Protein chains: 4
Amino acid sequence: MDGFQQRREQKKHAILETATTLFMKHGIQKVPVSEIAKKAGVSQVTIYNYFDNKHTLVHACFLYYVDQALLEFERIVESDMPFPDKIKQIIFNKKETSQINEEFYHYLMKEYTSGETNYIEKIYVEKAVPYFTQLFEEGKKLGYIDPNLSQEAILFYIKMFKDTMQQEEVYKRVLPLTEDITNIFFYGLFGKREND
Amino acid sequence: MDGFQQRREQKKHAILETATTLFMKHGIQKVPVSEIAKKAGVSQVTIYNYFDNKHTLVHACFLYYVDQALLEFERIVESDMPFPDKIKQIIFNKKETSQINEEFYHYLMKEYTSGETNYIEKIYVEKAVPYFTQLFEEGKKLGYIDPNLSQEAILFYIKMFKDTMQQEEVYKRVLPLTEDITNIFFYGLFGKREND
Amino acid sequence: MDGFQQRREQKKHAILETATTLFMKHGIQKVPVSEIAKKAGVSQVTIYNYFDNKHTLVHACFLYYVDQALLEFERIVESDMPFPDKIKQIIFNKKETSQINEEFYHYLMKEYTSGETNYIEKIYVEKAVPYFTQLFEEGKKLGYIDPNLSQEAILFYIKMFKDTMQQEEVYKRVLPLTEDITNIFFYGLFGKREND
Amino acid sequence: MDGFQQRREQKKHAILETATTLFMKHGIQKVPVSEIAKKAGVSQVTIYNYFDNKHTLVHACFLYYVDQALLEFERIVESDMPFPDKIKQIIFNKKETSQINEEFYHYLMKEYTSGETNYIEKIYVEKAVPYFTQLFEEGKKLGYIDPNLSQEAILFYIKMFKDTMQQEEVYKRVLPLTEDITNIFFYGLFGKREND
DNA sequence: AATGAATGAGGGTTCATTCAT
DNA sequence: GATGAATGAACCCTCATTCAT
């Protein structure tokens with residue numbers, strides 16, 4: 001990559017970074033392109049030179065975010081910490097991946113899971129699911145996960161926890177309950193019984 | 001209430017119904033007041049005669065929705081079906097209460113749980129929590145719920161399931177997994193073991 | 001006038017009173033008919049039953065105000081106080097007639113002196129000018145007014161003072177200068193010279 | 001200033017010019033931003049690019065007008081025409097400075113003299129008063145102005161004349177009386193006496 | 001390639017006025 | 001005759017996007 005290309009990539013990166021942060025903080029509709037431009041220190045038109053329109057930009061931000069999240073995810077799954085800790089980190093580590101949140105997250109969910117394209121699905125299948133599979137296998141082998149459970153169900157379950165924790169307010173309120181919730185996570189409402 | 005009042009209430013109801021539906025379907029920012037007016041068969045200004053501004057309208061829609069949901073909730077909790085069925089219904093009965101969803105839901109969450117007022121919290125504490133408490137007591141007495149779990153944790157857990165199911169796409173995908181998920185719900189990832 | 005008529009007149013009067021007050025306080029454009037209705041304790045439509053439209057209402061308010069002002073004016077001119085005091089009162093008695101002011105006053109001026117109708121002119125010629133004439137004659141006879149001055153010029157001069165004083169802010173600022181200004185009024189910038 | 005800046009200033013100037021004229025002619029509330037845009041040959045949004053909102057635009061128009069008026073004022077005061085002619089020009093030269101009038105003028109007066117900021121006062125004290133002072137000194141030295149009169153009173157007096165003349169209709173009606181009014185201005189109602 | 005300037009389309013809101021009871 | 005309800009028209013303002021340099 002030559003110098004031109006490099007600077008181009010840097011600028012693109014800056015825009016992406018700024019936009020993603022803003023979208024995550026305030027939601028998509030509430031962030032005008034003009035504000036992204038101002039905060040990123042470029043002209044609006046420059047943004048349009050890199051991304052066809054706002055929608056495309058949002059799309060790119062999403063991919064950018066997913067990439068970061070997957071990296072973090074990979075780090076956790078492939079680390080050598082005990083299985084339960086991996087799970088805890090995945091569920092509770094909101095702050096580590098970079099705080100995605102609410103409006104942005106759900107806009108994406110809406111935008112990308114409904115209708116034709118379904119990018120989230122695609123990304124997940126292609127990239128995240130392998131890690132999850134690996135994680136679940138480990139869990140089953142170690143006896144933490146019921147081997148009768150379908151992978152889809154487990155995936156849903158863990159994703160539900162993870163997504164729920166993404167919400168700032170929920171996260172704050174639930175933090176003191178970490179112990180209980182981890183228990184519920186593994187043993188459900190029924191709880192862990194003596195004779196296990 | 002005289003005829004005037006009655007018709008007034010009817011119209012207000014119609015607007016509320018229309019607005020709530022639209023907000024739930026497309027999100028708040030994407031639904032112009034003008035569209036609500038058209039769909040409700042009234043003039044835009046009429047809406048402003050009933051609700052001071054869009055924000056107020058959204059607020060009213062929220063209360064309207066909550067009322068409906070609570071009614072349904074009460075019906076389930078106080079019915080005489082078996083405990084597990086109650087739970088299933090609460091979690092999976094998305095379609096029965098009226099399909100709340102995504103942007104609207106999260107706008108409200110954002111709007112009402114952050115900052116000073118926190119209406120959702122207030123409503124929940126005042127109205128929903130009593131029902132939940134009653135439900136949990138029943139579950140504990142019948143041995144379905146670990147009595148060591150804090151009420152807050154249980155509340156979080158069940159609400160998480162319920163909220164997750166509110167999302168159209170998730171719901172559709174997860175429906176075939178009902179059995180597995182109900183199992184997870186009660187027994188967690190660890191699953192139900194023989195000797196229980 | 002029968003009871004019906006009387007009540008009708010009372011209601012009309014109430015509307016007029018309210019409207020005039022509001023117009024004088026906030027200006028015409030800033031006072032919606034709805035507010036007049038609310039403050040007067042009647043329905044908007046009632047106002048429209050009495051006055052064809054807002055313009056007509058403003059017109060009526062003007063006449064209503066002028067009547068009051070003329071009454072006050074007559075009282076002063078025909079009283080037996082010394083001539084200079086009469087002048088002072090006419091110029092400075094803002095508070096006595098009821099505080100007309102700024103936007104309302106100038107809206108009227110604009111609305112009624114420009115174009116076809118010119119109501120102010122008509123009213124003045126018909127009603128106020130006779131009093132002024134009488135006043136000027138007295139002033140000339142007593143040596144306070146230069147007999148060579150045309151009536152129009154005097155009229156302009158005194159009206160200018162009077163109108164200027166109608167402006168709240170001016171009035172307040174100028175009050176401490178009453179003595180000087182009265183002097184200027186009679187003797188101009190040149191001032192009163194010894195040998196007069 | 002480069003070409004960009006220059007064109008920007010030109011456009012801003014054009015908008016200001018158009019807006020000021022329209023405001024002065026019809027009043028502020030009666031002139032929609034859209035009309036200014038159309039008359040100035042720009043898009044409505046362009047106006048918002050230059051001025052944050054309508055209020056800001058009005059403010060700018062005011063300053064623009066004041067600047068022009070002061071320039072003209074300076075020209076008169078520092079010219080070498082006889083003192084009485086200076087006065088006449090100041091009072092009667094409505095058409096020369098650019099015709100400010102009524103609603104605009106009084107809106108400003110209302111807007112800017114009431115409450116905290118009081119821009120008119122500030123501008124006058126800072127910029128106009130020095131010229132007035134110089135003018136009054138000259139008048140006193142030449143015997144045209146009574147040296148016992150306070151500067152405030154003189155200021156009020158001359159400003160009153162000037163403001164009154166700003167009103168289109170008044171101006172037209174009074175023009176034939178110029179001689180008389182100039183006399184009144186200097187010698188008041190009492191008039192000039194022989195032995196002066 | 002990058003920018004300042006410009007804009008069409010649309011959204012929330014207000015208000016004078018009319019309709020229907 | 002009086003009112004509550006309803007509305008068309010208009011206004012201020014925002015934003016994604018394009019133009020021109």
Side-chain angles (χ1 to χ4, degrees), chain A residues 4-5 7-8 11-12 28-37 41-58, chain B residues 2-5 7-8 10-12 15 28-37 41-57, chain C residues 4-5 7-8 11 28-37 41-58, chain D residues 2-5 7-8 10-12 15 29-37 41-57:
Chain A
F4 268 133
Q5 279 283 348
R7 238 168 308 151
R8 188 183 165 81
K11 214 156 207 171
K12 197 166 177 176
I28 292 173
Q29 313 212 41
K30 291 212 176 146
V31 176
V33 176
S34 62
E35 195 187 335
I36 300 171
V42 299
S43 141
Q44 282 192 55
V45 187
T46 301
I47 295 181
Y48 280 89
N49 284 340
Y50 287 101
F51 309 93
D52 282 354
N53 46 35
K54 196 182 183 182
H55 186 82
T56 308
L57 174 59
V58 170
Chain B
D2 60 9
F4 266 133
Q5 281 282 351
R7 232 160 317 151
R8 191 181 166 83
Q10 271 176 21
K11 204 143 214 170
K12 197 166 177 175
I15 293 171
I28 291 174
Q29 312 211 43
K30 289 217 178 142
V31 176
V33 176
S34 61
E35 196 189 334
I36 301 171
V42 299
S43 148
Q44 195 169 341
V45 185
T46 299
I47 293 182
Y48 280 92
N49 284 340
Y50 286 96
F51 308 93
D52 283 354
N53 46 37
K54 196 182 181 181
H55 186 83
T56 307
L57 174 60
Chain C
F4 268 132
Q5 280 284 348
R7 238 166 308 151
R8 190 184 163 81
K11 213 155 207 170
I28 292 174
Q29 314 212 41
K30 290 211 178 147
V31 176
V33 176
S34 63
E35 195 187 335
I36 300 171
V42 298
S43 142
Q44 282 192 56
V45 187
T46 301
I47 294 182
Y48 280 89
N49 283 339
Y50 287 102
F51 309 93
D52 281 355
N53 47 35
K54 195 182 183 182
H55 186 82
T56 307
L57 174 60
V58 170
Chain D
D2 61 9
F4 267 133
Q5 281 282 351
R7 232 161 318 151
R8 189 181 166 83
Q10 273 177 20
K11 205 144 213 169
K12 197 167 179 176
I15 293 171
Q29 311 210 44
K30 290 217 178 140
V31 176
V33 176
S34 62
E35 196 189 333
I36 300 171
V42 299
S43 148
Q44 194 170 340
V45 186
T46 300
I47 294 182
Y48 281 92
N49 284 341
Y50 286 97
F51 307 92
D52 283 354
N53 46 37
K54 196 181 181 183
H55 186 82
T56 308
L57 174 59

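Labels below follow one simple rule: chain letters A, B, ... track the order of the sequence lines, proteins then strands, and each chain is numbered from 1. Since the structure is predicted, the reported quantities are computational estimates derived from the model, not experimental observations.
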Exercise. Looking at A:K30 and B:Q29, what are the two nearest heavy atoms and their distance?
Worked result: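 Reported closest heavy-atom pair: CG-NE2, 3.4 Å.
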Exercise. If every non-hydrogen atom of A:A37 is compared with every non-hydrogen atom of A:S43, which pair is closest and at what distance?
Worked result: CB-C, 3.8 Å
Taking atom [atom2] of [N] as reference, at what distance in whole Å does atom [atom1] of [X] sit?
| X | N | atom1 | atom2 | result |
| --- | --- | --- | --- | --- |
| B:K30 | F:dA16 | NZ | P | 12 Å |
| D:I15 | E:dA5 | CD1 | P | 11 Å |
| A:H55 | F:dT17 | NE2 | P | 11 Å |
| B:Q29 | F:dC15 | CD | C1' | 12 Å |

Exercise. Any side-chain heavy atom of C:V33 sitting closer than 4.5 Å to one from C:L57?
Worked result: no
For this session: Using heavy atoms to find the nearest nucleotide of DNA chain F for D:P32 and B:V42 separately, return the residue whose nucleotide is more 5′.
Result: B:V42
Problem set entry | Phosphate OP1/OP2 of E:dA6 contacted by D:K11 side-chain N/O (<4.0 Å) | yes
Contacts under 3.5 angstrom, residues 46-54 of chain B side chains, donor-acceptor by atom type, not counting sequence neighbours:
| unit_1 | atom_1 | unit_2 | atom_2 | d |
| --- | --- | --- | --- | --- |
| B:N53 | OD1 | B:H55 | N | 3.4 |
| B:N53 | OD1 | B:T56 | N | 2.9 |
| B:N53 | OD1 | B:T56 | OG1 | 2.7 |
| B:K54 | NZ | B:I28 | O | 3.1 |
| B:K54 | NZ | B:V31 | O | 2.9 |

For this session: Would you work out how much the helix from E:dA2-F:dT21 to E:dT21-F:dA2 bends between its ends, with each end axis defined by five base pairs, to 10 degrees?
Result: 30°
Problem set entry | Residues touching DNA chain F, which here means a heavy atom under 4.0 Å, drawn from residues 44-54 of chain C |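 Within this stretch, C:V45, C:T46, C:N49, C:Y50 sit under 4.0 Å of the strand.
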